[in-house]
Participant: 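Sharing a structure with you now.
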Amino acid sequence: MVALHGWGMSADDVALLVRQLAEEVPAFDWHADTDAPHGALSLHLVDFAALTGKGRAEWNAYGPLEAMRQAREQGVAALALCRGRVSQLPAVRKGVWVMAADKPWACAVQTSVRALAALEWTRAEGYKTVLAWRATRKFAAANLLAVLGSEQTAAGFSEVLREALTALLMQPAALAVAGVPEHELQRTIIEAGLHELQPLVGVPMTLDGAMRVDALLGFSWPALD
């Protein structure tokens, strides 16, 4: 189950996105924030241009900040998926905040969920336990600034990683990627000098079996008060 919470989005837009994702990614039950069931993965979709742009006050971003804080206190697996510039992110924040750049919401959500699902994959059971989101809950307890990457073939993983590293010019702290064979993953990680990266989760199969790479690369962010 995945619940979407809109910030800077109308309830109608969130409901429309839920219906679109239900058709395109039927592996999950999709919900809007008003009917989110217990145990669902929560994605807070934050449009900073809508919240704080054109003269709007910066405190308009308080809503998603408080929602992420409450999710952490309640042990909910929650991430913030953000549109806008990194400079628009509140400096004082906790949890995992993912930059969606200019990707359409549906594309960004799908890439995020498929990359997070890789955390739940096991060699013995595949994706059978993904709906519990246990590993994702642990991942979401970190303080990270993250970026997304997607490519149509496993051979493009090195390009996905290079673009992500170039975007922030920081040393990464976590990686979750689906759709990359183990030998390709290890070769690329070693070439990038990231062989000591932890957590590093890469699985050869995507959630839907498609030939595609979905990646989420996280960078440490201090928990300021």
Side-chain angles (χ1 to χ4, degrees), residues 2-10 13-14 17 32-33 36 39-105 107-113 115-116 119 133-149 163-176 197-201 214-225:
V2 182
L4 304 182
H5 311 264
W7 301 96
M9 300 173 63
S10 69
D13 285 343
V14 175
L17 181 58
D33 54 358
L41 168 66
S42 289
L43 295 180
H44 293 270
L45 312 183
V46 187
D47 188 332
F48 280 107
L51 287 177
T52 64
K54 298 181 180 179
R56 296 183 178 89
E58 290 188 6
W59 54 258
N60 284 345
Y62 177 77
L65 280 171
E66 178 62 13
M68 288 288 285
R69 185 191 66 79
Q70 290 182 10
R72 171 167 289 197
E73 288 186 353
Q74 296 166 7
V76 174
L79 292 85
L81 186 57
C82 309
R83 269 186 180 169
R85 301 184 305 274
V86 173
S87 60
Q88 292 177 297
L89 288 175
V92 180
R93 63 182 188 273
K94 293 182 180 179
V96 180
W97 294 67
V98 185
M99 300 308 298
D102 57 353
K103 292 182 175 64
W105 280 123
C107 178
V109 169
Q110 290 185 41
T111 298
S112 299
V113 169
L116 291 169
L119 297 169
W133 297 113
R134 293 187 184 92
T136 300
R137 188 171 293 105
K138 181 178 179 181
F139 181 85
N143 292 319
L144 299 173
L145 169 62
V147 292
L148 297 171
E163 289 183 358
L165 292 171
T166 301
L168 292 175
L169 298 176
M170 298 166 60
Q171 186 67 18
L175 172 65
L197 181 62
Q198 291 293 333
L200 191 164
V201 176
D214 295 298
L216 188 155
L217 187 65
F219 302 82
S220 291
W221 186 265
L224 304 174
D225 293 321

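Both backbone and side-chain heavy atoms feed into the values below; hydrogens, waters and symmetry mates do not.
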Participant: Roughly how far apart are W7 CH2 and C82 SG, rounded to 0.5 Å?
Facilitator: 12.0 Å
Participant: Give me the atom names and distance for the closest heavy-atom approach of A140 to A78.
Facilitator: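 Minimum heavy-atom separation between A140 and A78: CB-O, 3.5 Å.
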Participant: If you look at every heavy atom in R93 and L65, which pair is closest and at what distance?
Facilitator: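 Where R93 meets L65 most closely, the heavy atoms are CB-CD2, 3.6 Å.
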Participant: Verify side-chain contact (heavy atoms from CB on, under 4.5 Å) between L79 and L41, making sure each step is shown before the conclusion.
Facilitator: CA-CA 8 Å; L79 292 85; L41 168 66; 4.0 Å; yes
Participant: Evaluate side-chain contact (heavy atoms from CB on, under 4.5 Å) for L175 paired with L216, printing each intermediate quantity in order.
Facilitator: CA-CA 6 Å; L175 172 65; L216 188 155; over 6 Å; no
Participant: For the CE atom of M9 and the NE2 atom of H5, what is their distance to the nearest 0.5 Å?
Facilitator: 12.0 Å
Participant: What pair of heavy atoms forms the shortest contact from L145 to W221, and how long is it?
Facilitator: N-CB, 4.3 Å
Participant: Does anything in residues 63-74 form a salt bridge (charged side-chain N to carboxylate O under 4.0 Å, His left out)? List the pairs, not counting sequence neighbours.
Facilitator: E66-R69, R69-E73
Participant: How close do A173 and L144 get, counting heavy atoms only, and between which atoms?
Facilitator: CB-CD2, 4.1 Å
Participant: Could you give all pairs that pass the salt bridge (charged side-chain N to carboxylate O under 4.0 Å, His left out) test and reach residues 214-223, with sequence neighbours left out?
Facilitator: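 Salt bridge (charged side-chain N to carboxylate O under 4.0 Å, His left out) check on residues 214-223 returns R114-D214, R212-D214.
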Participant: If only atom types and distance count, is the side chain of W97 paired as donor or acceptor with the main-chain N or O of K94 below 3.5 Å?
Facilitator: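 It does hold such a pair.
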Participant: Please step through side-chain contact (heavy atoms from CB on, under 4.5 Å) for the pair V113 and L43, ending with a clear verdict.
Facilitator: CA-CA 9 Å; V113 169; L43 295 180; 3.8 Å; yes
Participant: For a quick test of reading the model, state the closest non-hydrogen atom pair linking G6 to V14 and the distance between them.
Facilitator: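 In this case the closest contact between G6 and V14 is CA-CG2, 3.8 Å.
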Participant: Is the closest side-chain heavy-atom distance between M99 and L89 below 4.5 Å?
Facilitator: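 Side-chain contact under 4.5 Å: yes.
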Participant: Run V98 and V147 through side-chain contact (heavy atoms from CB on, under 4.5 Å) and show every step you take.
Facilitator: CA-CA 5 Å; V98 185; V147 292; over 6 Å; no
Participant: Taking ring pair (Phe, Tyr, Trp, His ring centres under 6.0 Å) as the test, write out the residues that go with W133, two or more places apart.
Facilitator: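 Testing W133 for ring pair (Phe, Tyr, Trp, His ring centres under 6.0 Å), a comparison that skips the adjacent residues, returns F28.
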Participant: So how far is it from Q70 CD to S42 OG, rounded to the nearest 0.5 Å?
Facilitator: 11.5 Å
Participant: Closest heavy-atom contact between K103 and A108?
Facilitator: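 Shortest heavy-atom contact: CB-CB, 4.1 Å.
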Participant: State, yes or no, whether a side-chain contact exists between L81 and L148 at a heavy-atom distance under 4.5 Å.
Facilitator: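 With C-beta onward as the side chain, the pair touches.
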Participant: Can a donor-acceptor pair be found, under 3.5 Å and without considering hydrogens, that links the side chain of R83 to the backbone of A100?
Facilitator: no
Participant: Roughly how far, to the nearest 0.5 Å, is CH2 of W105 from CD of Q110?
Facilitator: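 One gets 14.0 Å once the value is rounded to the nearest 0.5 Å.
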